[in-house]
Amino acid sequence: MSALAEIEARVAAAVAAAGRPAGSAKLLAVSKVQPRTRVEAVLQAGHRTYGENRVQEAQGRWEPLRDLYDDIDLHLIGPLQTNKIKPALDLFNTIHTLDRDRLARKLATEIQARGAAPRLLVQVNVGEEAQKAGIDPAKADAFIAACRDEYDLPIAGVMAIPPADQPPEPHFKALADIAHRNGLDEISMGMSADFEAAIAHGATMIRVGSAIFGARDPSGVTT
Ligand SMILES: *Cc1c(COP(=O)(O)O)cnc(C)c1O
């Protein structure tokens with residue numbers, strides 16, 4: 001069985017074990033920094049949903065691949081700088097990393113000019129880590145309300161990356177609570193090491209890279 005098929009089977013089993021409907025956790029294959037040959041193997045296996053964490057890298061990779069494969073669904077899971085909003089909106093169907101006021105305001109302006117919006121998720125810094133992106137959990141409700149009411153942005157859900165050195169479950173639970181109390185359907189959480197626990201806590205989008213493609217080359221060469 002391919003690594004992709006194995007992960008798909010584990011996702012389906014975790015969804016069933018949680019008593020959730022089949023297909024209720026979408027698998028994003030995180031292709032950042034992976035060689036093109038590995039990505040094309042997964043494309044050829046029929047997978048169409050991918051996560052990338054840099055706008056420019058994603059453009060270089062996916063603009064040509066989009067001409068070769070239909071129905072590619074691209075998700076931005078890394079930080080978005082305001083000067084990259086236009087190329088990000090050209091490329092991504094879903095943006096997981098809306099996390100500050102200035103970004104919300106500039107996104108809103110561009111979305112209004114285009115008359116079309118991607119799906120937007122608010123990133124929450126659930127571990128309150130100084131170096132990590134995301135809105136502070138205590139400010140999440142007010143920020144989500146401002147995105148909706150002041151900026152008229154269609155917020156679909158929330159996303160988080162729990163601290164690497166702690167058990168993720170309390171953070172998954174905290175993120176799911178934020179989604180539920182704000183009436184949001186989409187919860188993006190869980191990576192290669194912990195996606196089953198994330199599904200048990202209600203993840204609707206899981207972001208799996210190395211378990212599908214193999215370890216990332218730290219030199220960052222993409223060919
Ligand atoms: C790289 C990355 C992932 C995937 O990590 P793996 O451990 O390789 O599964 C998931 N989410 C985000 C935000 C990432 O940057």
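Counting convention: from 1, in listed order, for ligands and their atoms alike.
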Got a salt bridge between E57 and K32, using NZ or NE/NH1/NH2 to carboxylate O under 4.0 Å?
no

Name of the residue among H47, Q44, Q34 meeting side-chain contact (heavy atoms from CB on, under 4.5 Å) with V39
Q34

Tell me the protein heavy atom at minimum distance from atom 11 (N) of ligand 1, and give that distance in Å.
R207 NE, 2.9 Å

Who's the nearest protein heavy-atom neighbour of atom 9 (O) of ligand 1, and how far?
S192 OG, 2.5 Å

Should you measure from each heavy atom of V208, which atoms of ligand 1 turn up under 4.0 Å away?
9 (O)

How long is the span from the CG atom in D67 to the CG atom in D70, to the nearest 0.5 Å?
10.0 Å

Identify the closest protein heavy atom to atom 12 (C) of ligand 1: which residue and atom is it, and at what distance?
I77 CD1, 3.5 Å

Heavy-atom nearest option to atom 2 (C) of ligand 1, drawn from K32, M159, Q34, R216:
K32

Any side-chain heavy atom of T97 sitting closer than 4.5 Å to one from M159?
yes

Test of understanding: given a 4.0 Å heavy-atom threshold, classify the contact between H96 and ligand 1 as side chain, backbone, both, or neither.
neither

Under a 4.0 angstrom heavy-atom cut-off, which atoms of ligand 1 come close to S210?
6 (P), 7 (O), 8 (O), 9 (O)

Which atoms of ligand 1 are found less than 4.0 Å from any heavy atom of G209?
4 (C), 6 (P), 8 (O), 9 (O)

Should M191 be counted as touching ligand 1, given the test is an N or O pair under 3.5 Å?
no

Polar contact flag, side-chain donor to acceptor under 3.5 angstrom, S188-R207
yes

Is the shortest distance from a Lys or Arg side-chain nitrogen in D99 or K139 to a carboxylate oxygen in the other one below 4.0 Å?
no

Atom pair NE2 (H171) and CD (Q166), whose distance is rounded to the nearest 0.5 Å:
4.0 Å

